[in-house]
Peer 1: 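I have a structure I would like to understand better, so I am pasting it below and will then ask my questions one at a time.
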Amino acid sequence: QLGAQTTDKKINFNVKAFPYADVHMHASFKPFNSRLTGDYNMWDKIDHDCEGEISSMFLNGSKEVPKTSQCHLEGLARGNVRLGFLSLTPLEKGSLDVNFFNEKKKGIGTMACISGIMLEKMVGKDETIDYYADLVENIYFVERDADKPHYIDGVPYSFEIIKTSSQLEKVMADPHKLAIIMHIEGGHALGHSLEPNDISSTIAYENYYMNNVDRIKGIKPISDGSLRTLEYPILSLNINHFFWNGLSGHARTFSNAQNIIFGQNKGIDMGVTKLGEKVIKRLLDKEHGRRILLDIKHMSLETRRWYYDYLHELAKKGDTIAIVSSHSTVAGLSWSDKEYLKKDNNAKDKNAYLYNWTISLCDEDIKEIHRSKGNIGIMLDKNRLMGGLAKKIYDETVPGSTQRRKVAVKILWLNFFTCVKAINEPSAWDILSVGTDFDGMITPFEFYPRANEMPDMAADMYEFLKNPTDLFDMPKAEVERLMFGISPEEIIRKVMFDNAYQFALRNLPK
């Protein structure tokens with residue numbers, strides 16, 4: 001089995017020996033979007049260059065832009081990440097269609113830096129983008145290498161796209177196989193760009209969009225001129241991503257500097273539209289085609305509240321639907337707290353240890369996910385995991401130092417333990433996972449920049465649990481109480497693998 005092995009003989013527990021899961025990663029993003037400039041596949045590590053200040057501005061002013069693939073499949077195998085929820089997301093026109101990218105080839109270089117993809121031209125300059133056609137091509141790209149051997153150190157590995165829970169069990173029993181579960185990030189993926197003309201309220205667009213919903217549910221052929229229907233499930237889908245898609249409002253993602261460059265204002269904090277309501281209800285319907293769960297990450301607070309009310313109506317009829325938040329950070333506040341309801345901007349979390357923008361989960365979000373037996377994946381973007389106070393402590397440490405490494409672990413655990421505190425029951429530990437968002441244009445901690453380092457992260461997190469300390473403003477005694485007598489070994493297994501695996505088994509077709 002790949003990955004370094006470290007055994008604690010005293011308790012006979014090997015934190016690096018069991019498989020790991022990542023409930024949100026983008027292993028196909030770089031190779032698929034770079035397909036016209038090189039013959040890449042998902043096993044390949046892609047290295048890229050960075051240029052200019054636009055790139056660092058995009059990533060919250062950070063100079064630590066990842067310059068290599070974070071979750072290519074060989075990296076997953078070497079990091080023993082055997083279960084991966086693969087997020088497919090077509091590049092949005094808003095991410096590409098900005099004035100800064102008009103200067104000769106600088107735009108292509110900047111996009112290569114911030115996203116890791118190499119383009120022949122700035123596709124955002126096209127009048128419209130057919131996102132659904134891009135999505136289907138991406139699906140075919142993933143399928144191309146499924147079940148084919150890839151040799152690592154002379155040993156053949158392969159991945160399977162998971163159709164059923166029984167198939168997942170069989171794949172996980174083979175140490176040389178990876179299990180890939182399909183996910184779509186962004187409702188835009190089933191439509192097309194709405195700039196400069198927003199036609200999302202027209203009957204023609206509604207018909208076009210709803211037809212694509214039926215296609216990914218497996219009801220209709222996947223595309224025009226094809227007789228083939230999608231034979232495996234899209235387990236979950238984010239209605240929202242970065243920009244307006246005509247379905248519902250999104251939470252603000254971009255920092256002040258990023259917003260100046262890219263613009264994200266249209267749709268921010270709005271509720272759900274009439275089309276959005278129809279889409280959500282069709283996705284969740286299980287009488288016609290496969291049910292697709294909704295991922296609430298990127299939803300505006302108003303949309304989330306509407307969604308929970310709708311799920312409560314269904315629950316009264318005996319239909320409890322799992323809520324997903326696949327790559328999350330945690331605010332540590334109620335949605336009625338004035339600090340949470342303040343306008344999202346760079347000053348908002350200045351005096352907080354956690355990232356308290358409304359894109360972060362509030363206490364009510366966490367309780368709804370727990371009630372539904374859903375899943376929360378804590379992401380690994382350090383700029384989203386910590387508020388200003390934690391960032392100050394982190395930045396005061398020496399890069400690469402043991403001290404900084406310990407602060408990084410505390411930041412991670414603060415997000416997990418804040419979820420547990422919101423629920424205040426031992427079963428809170430059953431809904432928590434890791435959803436890295438690797439290759440999703442994030443700024444990772446320097447110690448865990450790729451899937452390869454997942455065993456190191458697990459080992460560091462385990463060491464904290466064996467000897468807990470204060471988590472910033474959460475006292476040691478509270479940390480120990482929130483473990484509810486569950487052993488460090490069991491907690492680390494739950495968050496690193498078991499919860500994601502059990503969630504998949506519960507929600508995949510049998």
Side-chain angles (χ1 to χ4, degrees), residues 23-24 251 296-297 301 304 323-342 344 348-372 374-394 406-437 445 457 460-462 464-465 468-486 488 491-492 494-496 499-500:
V23 298
H24 191 95
I296 65 168
K297 176 65 187 284
L301 177 58
R304 301 198 308 263
I323 302 169
V324 178
S325 187
S326 63
H327 51 305
S328 319
T329 53
V330 182
L333 298 169
S334 165
W335 65 21
S336 60
D337 194 305
K338 64 180 182 180
E339 292 299 316
Y340 191 64
L341 295 174
K342 283 182 179 178
D344 294 326
K348 184 176 180 180
D349 65 356
K350 183 179 179 181
N351 296 312
Y353 287 102
L354 290 165
Y355 190 72
N356 60 13
W357 287 27
T358 54
I359 196 170
S360 284
L361 297 176
C362 62
D363 292 348
E364 288 80 2
D365 292 318
I366 296 164
K367 291 173 183 175
E368 291 287 351
I369 295 167
H370 178 257
R371 176 197 57 78
S372 73
N375 189 253
I376 296 171
I378 298 298
M379 73 184 307
L380 295 189
D381 187 336
K382 68 175 187 177
N383 290 325
R384 309 296 183 196
L385 286 164
M386 54 184 169
L389 295 180
K391 187 177 188 301
K392 185 174 185 294
I393 293 170
Y394 183 84
K406 289 182 177 180
V407 174
V409 171
K410 284 188 174 185
I411 290 165
L412 282 169
W413 275 129
L414 181 61
N415 280 265
F416 281 105
F417 274 91
T418 301
C419 289
V420 176
K421 185 177 181 179
I423 299 165
N424 203 28
E425 295 177 15
S427 59
W429 287 110
D430 297 333
I431 65 166
L432 301 174
S433 302
V434 174
T436 64
D437 202 20
F445 289 109
M457 187 180 82
D460 290 347
M461 293 173 70
Y462 175 54
F464 175 86
L465 291 178
T469 60
D470 294 348
L471 287 177
F472 305 105
D473 58 344
M474 183 182 288
K476 175 183 175 180
E478 178 71 346
V479 173
E480 292 176 330
R481 184 189 73 81
L482 291 171
M483 291 175 70
F484 291 107
I486 305 172
I491 288 176
I492 205 72
K494 281 176 178 287
V495 302
M496 295 305 300
N499 291 340

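Basis for what follows: all heavy atoms, side chains included, without hydrogens, waters or symmetry-related copies.
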Peer 1: Using side-chain heavy atoms (C-beta onward) and a distance below 4.5 Å, is I492 in contact with F464?
Peer 2: no
Peer 1: What heavy-atom pair brings D473 and P475 nearest, and what distance separates the two atoms?
Peer 2: O-CD, 3.4 Å
Peer 1: Let me confirm one number: the CG-CH2 distance from L301 to W357, rounded to the nearest 0.5 Å.
Peer 2: 15.0 Å
Peer 1: Quick one: salt bridge (Lys or Arg N to Asp or Glu O under 4.0 Å) partners of D437, sequence neighbours excluded?
Peer 2: none
Peer 1: Could you check if a side-chain atom of P468 sits within less than 4.5 angstrom of a side-chain atom of M483, using non-hydrogen atoms only?
Peer 2: yes
Peer 1: If you round to the nearest 0.5 Å, how far is CD1 of I411 from CG of L380?
Peer 2: 11.5 Å
Peer 1: If every non-hydrogen atom of K367 is compared with every non-hydrogen atom of A422, which pair is closest and at what distance?
Peer 2: CE-O, 3.1 Å
Peer 1: For F416, is the NZ or CZ atom of K421 found under 6.0 angstrom from the centre of its six-membered ring and inside 45 degrees of the ring axis?
Peer 2: no
Peer 1: Hey, what do you get for CD1 (I369) to OG (S325), rounding to the nearest 0.5 Å?
Peer 2: 5.0 Å
Peer 1: Can you tell if the side chain of K410 reaches within under 4.5 Å of the side chain of T469, non-hydrogen atoms only?
Peer 2: yes
Peer 1: Assess the residue pair L482 and M474 against the criterion (side chain to side chain contact (heavy atoms under 4.5 Å, CB included)); give the C-alpha distance rounded to whole Å, side-chain angles, the decisive distance to 0.1 Å, and a yes or no.
Peer 2: CA-CA 11 Å; L482 291 171; M474 183 182 288; 4.0 Å; yes
Peer 1: After noting the C-alpha distance and the side-chain angles of N424 and R481, does the key distance pass the side chain to side chain donor-acceptor pair (under 3.5 Å) rule?
Peer 2: CA-CA 10 Å; N424 203 28; R481 184 189 73 81; 3.0 Å; yes
Peer 1: Test side chain to side chain contact (heavy atoms under 4.5 Å, CB included) on L361 and I376 and set out the steps.
Peer 2: CA-CA 9 Å; L361 297 176; I376 296 171; 3.9 Å; yes
Peer 1: Search all heavy atoms of A331 against all heavy atoms of N356 and return the closest pair with its distance.
Peer 2: CB-CA, 3.9 Å
Peer 1: Would you name the heavy atoms of Y340 and S334 that are closest together and state the gap between them?
Peer 2: CB-O, 3.5 Å
Peer 1: For residues I378 and V495, determine if any side-chain heavy atom of one lies less than 4.5 Å from a side-chain heavy atom of the other.
Peer 2: no
Peer 1: Using 30° and 60° as the class boundaries, would you call the ring planes of W413 and F417 parallel, tilted or perpendicular?
Peer 2: perpendicular
Peer 1: Heavy atoms, side chains only, cut-off 4.5 Å: are N375 and L432 in contact?
Peer 2: no
Peer 1: Could you give the distance from CG (D337) to CG (D363), rounded to the nearest 0.5 Å?
Peer 2: 9.0 Å
Peer 1: Assess whether side chain to side chain contact (heavy atoms under 4.5 Å, CB included) is satisfied between E425 and H370, documenting all intermediate values.
Peer 2: CA-CA 10 Å; E425 295 177 15; H370 178 257; 3.8 Å; yes
Peer 1: Taking the side chain as every heavy atom from C-beta outward, state whether F445 and Y394 have any pair of such atoms under 4.5 Å apart.
Peer 2: yes
Peer 1: Any chance you could measure D349, atom CG, to L389, atom CG, to the nearest 0.5 Å?
Peer 2: 8.5 Å
Peer 1: Please state whether the rings of F472 and Y353 are parallel, tilted or perpendicular, taking 30° and 60° as the class boundaries.
Peer 2: parallel
Peer 1: For V23 and T436, run side chain to side chain contact (heavy atoms under 4.5 Å, CB included): C-alpha distance rounded to whole Å, both residues' side-chain angles, the deciding distance at 0.1 Å, then the answer.
Peer 2: CA-CA 7 Å; V23 298; T436 64; over 6 Å; no
Peer 1: For atom NZ of K348, is the number of surrounding heavy atoms from other residues, nucleotides or ligands below 6.0 Å larger than 12?
Peer 2: yes
Peer 1: Hey, what's the ring geometry for H24 with H327, parallel, tilted or perpendicular (30° and 60° as the breaks)?
Peer 2: parallel
Peer 1: Taking D460 for its side chain and M457 for its backbone only, find out whether a donor-acceptor pair lies under 3.5 Å.
Peer 2: no
Peer 1: Please say which of V409, L354, L385 ends up in a side chain to side chain contact (heavy atoms under 4.5 Å, CB included) with L414.
Peer 2: L354
Peer 1: State whether the side chain of S360 and the backbone N or O of Y355 hold a donor-acceptor pair below 3.5 Å, judged by distance alone.
Peer 2: yes
Peer 1: Could you measure the distance from the CG atom of N415 to the CZ atom of R384? Nearest 0.5 Å is fine.
Peer 2: 13.0 Å
Peer 1: Is it the case that T358 and D344 place a side-chain donor and acceptor less than 3.5 Å from each other?
Peer 2: yes
Peer 1: So R371 and E368, salt bridge (Lys or Arg N to Asp or Glu O under 4.0 Å) or not? Walk me through it.
Peer 2: CA-CA 5 Å; R371 176 197 57 78; E368 291 287 351; 3.0 Å; yes
Peer 1: Side chains of S433 and N499 only: does a donor on one sit below 3.5 Å from an acceptor on the other?
Peer 2: no
